[in-house]
Structure formats: structure tokens, C-alpha cells
Amino acid sequence: MSTPVKSGKTGGGVILPEVKMHLVRPNAPVKGVVVRSERCTSPKSAGFVRHVDIDVSGTPLEGAFRAGQSFGVIPPGEDERGKPHKVRLYSIAAPTRGEDGAGKVLSTTVKRTIDEHWDDHRLFLGVASNYLADLQEGDEVAISGPNGKRFLLPENLGGHDYIFIATGTGIAPFRGMLLDLLEADCASKILLIMGVPYATELLYHDFFLQLQEKHEHFTYLTALSRQEQEHGGRPMYVQQRLETDREIVLPMLSNDRTLMYICGIAGMELGIFQELARLLTGESLEQYLQCDPQTLADETSWSRRMIGREIKPTERVFLEVY
Ligand code: A2P
């Protein structure tokens with residue numbers, strides 16, 4: 001069974017696979033077991049991001065998740081009001097075959113939330129992220145899911161090309177999707193643009209470089225927002241890569257096979273859409289965005305509030321921002 005999804009004006013139909021959801025509810029979670037927890041940034045990184053593998057064998061989650069979906073983590077204990085902690089959703093970073101190849105091990109990419117309270121500047125530690133990042137191999141964790149039916153690769157993997165744009169831990173679903181695509185041995189062109197503040201914060205960097213080396217149809221670009229680029233050039237956000245690397249980006253954007261996936265910090269979609277409006281015209285642009293000519297005439301005045309109203313991403317754009 002498949003769910004047909006309406007496609008952009010000039011594109012062919014994009015069919016998404018039917019997925020399983022809510023097999024395990026947060027109020028009756030199952031126990032997964034942590035089987036690996038590794039840092040996935042350089043040791044010099046200022047932040048702490050870990051790749052965590054969780055064995056879900058023997059639970060309804062076994063073999064039931066897809067790259068792009070998420071799962072729930074229920075931290076033990078109670079919040080400051082004495083209520084049990086609520087479920088937090090984490091993107092699955094594993095490919096659909098799981099980390100183990102048999103759908104028994106899923107994974108996620110978790111960044112420790114470490115901050116100051118705004119009023120009295122005391123240390124604030126995010127409950128779920130620090131719980132998950134603290135877990136040791138062999139520890140049990142209460143989980144639910146799978147969640148999500150829209151942020152998925154299409155059913156016909158080889159029928160499309162792909163632009164993945166991530167900031168920070170928004171890279172998680174793309175790790176899994178990329179492995180799904182490369183292992184399917186399809187000839188699709190794949191471009192991954194990853195944005196972080198500093199080179200030390202690049203996640204899975206060596207892994208992506210190795211994949212790029214091995215697969216000539218996969219291109220990996222980075223955008224560092226607070227330092228010079230690795231090969232020179234000013235600090236930039238991910239959307240500026242669309243412009244600086246237009247010789248790679250434009251042919252992809254203007255063919256009607258391309259799907260665009262955006263995942264990461266809330267607000268990143270606005271800059272990307274503005275950049276699309278600058279780079280593309282007519283039918284090429286309408287493949288991704290639909291808006292009236294007056295709105296289109298001045299993309300500098302766009303705001304986030306207009307997205308989904310005056311500026312409508314088409315079904316070829318997949319968005320997950322938080
Ligand atoms: P900056 O923080 O320099 O403004 P992380 O999650 O590791 O902090 O990375 C998020 C990345 O996304 C940072 O490089 C951050 O830059 C960048 N970023 C912040 N706001 C936007 C935006 N509106 N569009 C694109 N990138 C953004």
C-alpha cells in the first residue's frame with residue numbers, strides 16, 4: 001500500500017511509502033538497550049553530540065521503522081510539577097535496515113542541551129538530551145514510536161535526485177536516508193549541505209567524506225557560520241551554498257526529478273526559500289514554491305509567518321524544523 005502525495009506543478013507524482021506508526025505508545029513504552037554511544041564531533045568541539053545505538057529487538061519497533069521517522073524517549077523521574085516526564089521525539093539516524101542490517105538496532109544523534117537560566121543565570125541542563133547522552137552501553141531506555149509519515153524518501157528511490165539541507169543535529173535523518181539511497185545502488189544525484197558554527201561541530205564529517213570519495217553521484221558541502229570555510233571564503237549559512245556552488249546546485253534544481261529535504265534549526269527554511277526565489281524563475285521555481293507574482297517580486301520582505309500562507313512549499317519540499 002502506498003500513499004500518493006500531490007506533487008509540485010511541473011513535477012511527476014511523488015509517491016511516499018506507507019509506514020508503520022505508533023506501534024508503541026508513550027504511556028506504555030517498551031525497553032530498548034543502548035548498545036553503542038559515541039561522540040560524533042571532533043574532540044575539540046565545544047558542544048557534546050553523541051551517536052547512540054539502541055537495540056529494539058523483541059519489541060514492536062523491530063523491523064518497523066524507516067529512515068526519516070522518529071521515535072520517543074521517555075526520561076525516568078518527574079518534572080518540577082511532580083508529573084512524569086513527557087516523551088521527547090528524536091530523529092532516527094539509522095538507515096531503514098537498522099544499524100545491524102536486520103532492523104533490530106535504531107540510532108539517533110543527540111546534542112546535550114546546556115544553557116543558563118534566563119532569569120538567574122544558573123545552569124540549565126536539558127532533561128532528555130542529557131539523560132540519553134549519559135546512558136552507558138547495556139543501559140535500558142523507555143521508548144515509543146515510530147512517529148512520522150511525511151519526512152520520508154519516496155517509494156521509487158531511483159526516480160528522483162535529492163538535495164538534503166541540514167543544520168546541526170538536523171543531519172540525523174539524512175544519515176539514514178543517504179545510506180538507504182547509496183545501498184539501493186540507484187544512480188540518483190545526491191547533494192548534502194551541512195551547516196554548523198565551526199568545523200569542529202561537523203557531525204559524521206569523516207563518514208560523509210568517505211562516502212563522497214566512494215560514490216561519484218554524491219556531493220557533500222559544508223557551510224560554517226562563524227569561521228572561514230575550509231577552502232577559504234567568508235562565514236556562511238547553508239542557503240548561501242546554493243549560490244556559491246550554483247554550478248552543482250542549479251542543474252539539480254532545474255530538473256523535475258529533484259526533491260528537497262530541509263531539517264534543522266527553525267527559521268532556516270526562510271533563507272533557503274528566499275535563495276530559491278533569487279536563483280530560479282518560472283516553472284523551475286514553481287516546482288518548489290508557489291506564490292503570487294507580487295510576493296515573488298520582493299523576496300527580501302518575506303517573513304517566516306508567510307510560509308505556508310503566501311509562500312507555499314510544494315510537495316517536492318520536505319521540511320522538518322524545530
Ligand atoms: P549561527 O549559530 O552562527 O547563527 P548547531 O545546531 O550546531 O548550533 O548549528 C546550527 C547552525 O545553523 C549554526 O551554524 C547556526 O548559525 C545556523 N543557523 C542559525 N540560524 C539560521 C538560519 N536562519 N538559517 C540557516 N542557518 C542558521
Side-chain angles (χ1 to χ4, degrees), residues 38-52 70 88-91 93 108-116 118 124-126 128-130 132-133 151 163-175 191-208 220-246 249 253 260-279 288-289 299-308 311 313 317-322:
E38 280 175 2
R39 252 185 104 140
C40 50
T41 49
S42 107
K44 289 188 189 147
S45 159
F48 301 96
V49 184
R50 300 194 75 81
H51 175 88
V52 181
S70 51
R88 266 74 160 192
L89 294 184
Y90 284 88
S91 289
T108 191
T109 315
V110 57
K111 179 174 188 174
R112 288 183 185 273
T113 302
I114 302 174
D115 210 340
E116 286 185 343
W118 66 271
F124 171 83
L125 294 176
S129 66
N130 284 291
L132 199 49
F151 200 76
I163 299 180
F164 297 129
I165 308 180
T167 53
T169 51
I171 195 69
F174 299 146
R175 176 182 178 273
L191 169 63
L192 169 63
I193 305 176
M194 169 59 166
V196 287
Y198 304 102
T200 51
E201 317 294 310
L202 286 166
L203 308 177
Y204 306 112
H205 185 55
D206 293 340
F207 174 71
F208 291 132
Y220 170 54
L221 301 174
T222 61
L224 308 176
S225 60
R226 301 190 199 174
Q227 71 170 86
E228 285 228 322
Q229 306 309 305
E230 285 178 307
H231 304 293
R234 287 162 168 270
M236 67 167 80
Y237 278 169
V238 279
Q239 60 266 27
Q240 287 163 275
R241 271 279 167 237
L242 300 175
E243 216 279 314
T244 58
D245 291 71
R246 53 198 294 155
V249 174
L253 282 175
M260 178 176 284
Y261 292 75
I262 299 168
C263 187
I265 194 163
M268 67 183 285
E269 70 280 25
L270 175 63
I272 293 169
F273 293 163
Q274 288 173 311
E275 196 57 53
L276 289 179
R278 282 190 276 272
L279 287 172
Y288 306 96
L289 295 180
E299 86 286 347
T300 56
S301 67
W302 291 4
S303 68
R304 236 193 124 201
R305 219 171 29 85
M306 293 164 75
I307 294 174
I311 308 152
V317 178
F318 298 78
L319 197 57
E320 191 143 289
V321 292
Y322 41 83

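What you see below is based on every heavy atom in this structure, not just the backbone, and it leaves out hydrogens, waters and symmetry mates. The model shown is predicted, which means the values in this text are computed figures rather than measured ones. We count ligands from 1, going down the list as the structure has it; atoms in each ligand are counted the same way.
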>> Under a 4.0 angstrom heavy-atom cut-off, which atoms of ligand 1 come close to Arg226?
In response: 1 (P), 2 (O), 3 (O)

> How far is atom 17 (C) of ligand 1 from its nearest protein heavy atom, and which residue and atom name does that atom have?
Replying inline: Tyr237 CE2, 3.7 Å

>> For the 3.5 Å polar cut-off, considering only N or O atoms, please tell me whether Val238 and ligand 1 meet it.
In response: no

> Which residue supplies the protein heavy atom nearest to atom 24 (N) of ligand 1, what is that atom called, and how far is it?
Replying inline: Met268 CA, 3.4 Å

>> What's the separation between atom CZ in Arg50 and atom CD in Glu38, rounded to the nearest 0.5 Å?
In response: 8.0 Å

>> Please report the interatomic distance CZ(Phe151) to CD1(Ile262), rounded to the nearest 0.5 Å.
In response: 8.5 Å

>> Please list the nearest protein heavy atom to atom 5 (P) of ligand 1 with its residue and the distance rounded to 0.1 Å.
In response: Lys111 NZ, 3.8 Å

> Backbone or side chain, does any N or O of Pro197 fall under 3.5 Å from an N or O of ligand 1?
Replying inline: yes

> Starting from atom 6 (O) of ligand 1, which protein heavy atom do you reach first, and at what distance in Å?
Replying inline: Gly168 CA, 3.6 Å

> If you measure from each non-hydrogen atom of Glu201 to ligand 1, which part falls under 4.0 Å: side chain, backbone, both or neither?
Replying inline: neither

>> Is the ring pair His205/Tyr220 parallel, tilted or perpendicular, if the boundaries are 30 and 60 degrees?
In response: tilted

> Is the side chain of Thr109 donor-acceptor paired with the backbone N or O of Ala172 at a distance under 3.5 Å, no angle test?
Replying inline: no

> Of the listed options (Gln239, Gln240, Arg304, Glu269), which comes nearest to atom 25 (C) of ligand 1 when hydrogens are ignored and any heavy atom counts?
Replying inline: Gln239

> Gly267 heavy atoms, cut-off 4.0 Å: which ligand 1 atoms fall inside?
Replying inline: 23 (N)

> What is the ring orientation for Tyr261 with Phe318, classed by angle as parallel under 30°, tilted 30 to 60°, or perpendicular over 60°?
Replying inline: parallel

> Near Gly195, which atoms of ligand 1 are under 4.0 Å from a heavy atom of that residue?
Replying inline: 11 (C)

> Passes side-chain contact (heavy atoms from CB on, under 4.5 Å), His51 versus Tyr204? Steps please.
Replying inline: CA-CA 9 Å; His51 175 88; Tyr204 306 112; 2.7 Å; yes

>> Show the atoms of ligand 1 that are less than 4.0 angstrom away from any heavy atom in Ser225.
In response: 1 (P), 3 (O), 13 (C), 14 (O), 15 (C), 16 (O)

> Relative to the heavy atoms of Thr167, which atoms of ligand 1 are at a distance of less than 4.0 Å?
Replying inline: 10 (C), 11 (C), 12 (O), 26 (N)

>> If I take atom CZ from residue Arg175 and atom OG from residue Ser91, how far apart are they, to the nearest 0.5 angstrom?
In response: 12.5 Å

>> Quick check on side chain to side chain contact (heavy atoms under 4.5 Å, CB included): which of Thr222, Leu202, Ile171 does Phe208 satisfy it with?
In response: Ile171

>> Checking side-chain polar atoms at under 3.5 Å, does Glu201 have a donor or acceptor matched by the opposite partner on Thr41?
In response: no

